Amino acid sequence: MTNHQSPSRVRIIPAKARTSRTEANPGGQKKRIAVYARVSTDSEMQASSYELQVDHYKDYVSKNPAWILADVYADEGISGTSTKNRTEFNRMIQDCEEGRIDYILTKSISRFARNTLDCISIIRRLKSLRPAVGVFFEKENIDTLDSKSELFLTILSSMAQEESRSVSENTKWGVQKRFQQGIVHMPTTFFLGYDTDEDGEIVINEEQAEVVRRIFREYLEGKGCPSIAKGLTRDGLKTGKGNKTWTSDAVYKILKQEKYQGHCLAQKTVTIDFLSHKRVRNRDIQPQYFVKNTHPAIISEETFEAVQQEMKRRSLMMRDPDNKYRQHFSGHSPFSNQYYCGECGRPVIRRRMTSSRKGEKYYISAWQCRVTAGLDRDYKDCKTSYVHETDLENAFMKIMRGMKENLDEVIEEAKQAIQKASLSPPEQQRLEELNTQIEAITDRISDLAARESATSDAIYDATLRHLIYEQEILQQERDSLEDNMQEQLYLEKQFQSLLVLLEETEKLEDFDVTLFKKTIERGIIYKERIVEFQFKCRVKRTLCVRERKTPKKK
């Protein structure tokens, strides 16, 4: 009988990894050990964890006679996904490069770095030093000077990075869920006009609120942001951060801040990368949430909306509808940005002109087409005459006197303009239906957000997306009708304001700057010094401001 020998089987017994971590340096000097600890938040529980980490490693180092503690490096309350702002971590790496450290002890990879690229690159950087600096991760039992460590490090640090991404997504989802429920966070530390009381409620700081009201008021009176900022600085008023120097940008941001009307637009900015924590303005990246009546209002909705409309008007001055010209808003003169050429459509600018009478020179202010003045490089063909500023002032007051004497005619003309801009009965009914439908969908979104559990769900997300899409479609139709309705309300308000001004102003003789700014939308200067005044309530009046003198016949 033949004996068949079984095939040989080989079991490989790996050599135990040995590094010089637990031994003294070759020259007999003690190995210099650095300890790195970090906690992610400044909560009491995490602060306790931080202290325990430091105490543990101090004791751990002292028990090894071949070791000496080089230093303890500890960051508190800083994210681990980037090493950019971790000052102690960066100081530790610097000390390694300067030869002050032989080994680093830390709790885990996630404490050291949650960014795979950073983790691997730093470890390789330390290993390339002469002598090499190792890192020992206690939780994973990995020594970076072990030849097999890099594969494990890549896998484990990738898992840590994925954990950070998951935490970031869950946190983001939780924040959006609170927005859907109408719960917003509004810090008031550097927010001009508001404070937070002992109960956590947002209250108005009346002293600061007066500054906010002044900014809105002066803007509607015709001032620009730079001019308002100069006035606030001159009067020694402080910004939200306590600075006495105001900038035009600071004024502009206050004018655009919807929170001053008691509402809150949530998620204006979003984080696009959980590793770099880079935040950008939310331009159709994530949904935004407009929550009404979240806190007391400093500015009425009517005033806020009037400022936004004025901002649009000034912005449109940059270009005409046909993109023919550019200009900038100016508040230096009552007539700035108010007059346009009736022949070429370009803006009319102010000029200081020299004249002479009986051998003496004197200066006059006049308004002339930018093209005629030779200041438009894109267009040359316009010959409109200039008009003296005093003639424009006198013509305006003459028209105001005529309107006061023929008030019935003004009322009829204004009513026709308002009627033309008004919504028809079917449009008005449709607007009411849309408001009801949008309110119902908003309530459904809020109810859905309130009932949903603490984790994301596919059915929940799909239902919510459908409701938001439906809400957006209805909102677009509503906004179109609402714009028309706002125009109607604007004309009615301007008409009533004109009537009050005409009734209350007794003397209409000398030029009244306030009267002009409150009533005139724009003026059109034609040839032969004919000027058309367009009032804010859509009433128009035309007048020849100065007749051309005809030469006397001999």
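Since the model is a prediction, treat every value here as computed from it, not as a measurement. FYI, side chains are in, hydrogens and waters are out, and symmetry mates aren't considered; it's all heavy atoms of this structure.
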(request) Step through the shown structure and confirm whether more than 12 heavy atoms of other residues, nucleotides or ligands are within 6.0 Å of CD on E206. (result) yes
(request) Without swapping roles, check the side chain of E301 against the backbone of Q261 for a donor-acceptor pair under 3.5 Å. (result) no
(request) Please say whether more than 12 non-hydrogen atoms of neighbouring residues, nucleotides or ligands are located less than 6.0 Å from OH in Y386. (result) no
(request) Flag the pair T542 / I399 as yes when at least one side-chain heavy-atom distance between them is below 4.5 Å, and no otherwise. (result) no
(request) List the atom of L255, the atom of I215, and the distance in Å for their closest heavy-atom pair. (result) CD2-CG2, 3.7 Å
(message) Strictly distance-based, threshold 3.5 Å: is any side-chain N or O of T233 a donor or acceptor partner for the main-chain N or O of A229?
(response) yes
(request) Give a yes or no on whether Y526 atom OH has more than 12 heavy-atom contacts from other residues, nucleotides or ligands under 6.0 Å away. (result) yes
(request) Look only at the side chain of Q419 and the backbone of Q416, and say whether a donor-acceptor pair between them is shorter than 3.5 Å. (result) no
(request) Anything under 30° is parallel, anything over 60° is perpendicular, the rest tilted; go ahead and classify F396 against F533. (result) tilted
(message) Between M397 and R401, is there a side-chain heavy-atom distance shorter than 4.5 Å?
(response) yes
(message) Check whether W246 reaches the backbone of R234 with its side chain - one donor and one acceptor, N or O, closer than 3.5 Å.
(response) no
(message) What I want to find out is whether E477 reaches R430 closely enough, with some N-O distance under 4.0 Å, to be called a salt bridge.
(response) yes
(message) I need the single residue from R214, R213, Q208 that forms a side chain to side chain donor-acceptor pair (under 3.5 Å) with E210. Which is it?
(response) R213
(message) Once you measure the plane-to-plane angle for Y260 and F216, does it fall in the parallel (<30°), tilted (30-60°) or perpendicular (>60°) bin?
(response) perpendicular
(message) In the structure I gave you, are the side-chain heavy atoms of E389 and F335 within less than 4.5 Å of one another anywhere?
(response) yes
(request) Tell me, yes or no, whether the heavy-atom count around E302 atom CD, taken from other residues, nucleotides or ligands under 6.0 Å, exceeds 12. (result) no
(message) So F304 and I298, do their side chains get closer than 4.5 Å, heavy atoms only?
(response) no
(request) Please tell me if the side chains of N205 and L192 come closer than 4.5 Å, counting only heavy atoms from C-beta onward. (result) no
(request) Give a yes or no on this: more than 12 heavy atoms of other residues, nucleotides or ligands lie within 6.0 Å of atom NZ of K518. (result) no
(message) Checking S365 against R351: is there a side-chain donor and acceptor pair closer than 3.5 Å?
(response) no
(message) With a 4.5 Å cut-off on side-chain heavy atoms, are Y219 and E310 touching?
(response) yes
(request) State, without any angle test, whether D479 and Q475 hold a side-chain donor-acceptor pair at a distance under 3.5 Å. (result) yes
(message) Does this structure show an ion pair linking R538 with E487, if we count only N-O contacts that are shorter than 4.0 Å?
(response) yes
(request) Could you tell me whether the side chain of Q338 and the main chain of E521 form a donor-acceptor pair under 3.5 Å? (result) yes
(message) The test is salt bridge (Lys or Arg N to Asp or Glu O under 4.0 Å); show your working for E532 and R541 and say whether it passes.
(response) CA-CA 6 Å; E532 178 184 281; R541 291 292 182 272; over 6 Å; no
(request) Would you mind reporting whether Y490 and F495 have side-chain heavy atoms less than 4.5 Å apart? (result) no
(message) With rounding to the nearest 0.5 angstrom, report the OG1 to NZ distance, T245 to K230.
(response) 13.5 Å
(message) A quick test of your reading: do over 12 heavy atoms of other residues, nucleotides or ligands sit less than 6.0 Å from CG of D381?
(response) no
(message) Rounded to the nearest 0.5 Å, what separates atom CD1 in I524 from atom CD in Q534?
(response) 5.0 Å
(request) Enter the distance from L392:CG to R350:CZ here, rounded to the nearest 0.5 Å. (result) 11.0 Å
(message) Could you tell me if R522 sits above the aromatic ring of Y340, with its cationic atom closer than 6.0 Å to the ring centre and no more than 45 degrees from the axis?
(response) yes
(message) Between N394 (side chain only) and T390 (backbone N and O only), is there a donor and an acceptor less than 3.5 Å apart?
(response) yes
(message) Side chains of Q496 and E492: any donor to acceptor distance under 3.5 Å?
(response) no
(request) Using side chain to side chain contact (heavy atoms under 4.5 Å, CB included) as the criterion, point out the one residue from V410, T519, L499, L508 that pairs with M403. (result) V410
(request) Answer yes or no: is there a side-chain heavy-atom contact under 4.5 Å between E343 and K383? (result) no
(request) Answer yes or no: is there a donor N or O on one side and an acceptor on the other, between the side chain of N406 and the main chain of G402, under 3.5 Å? (result) yes
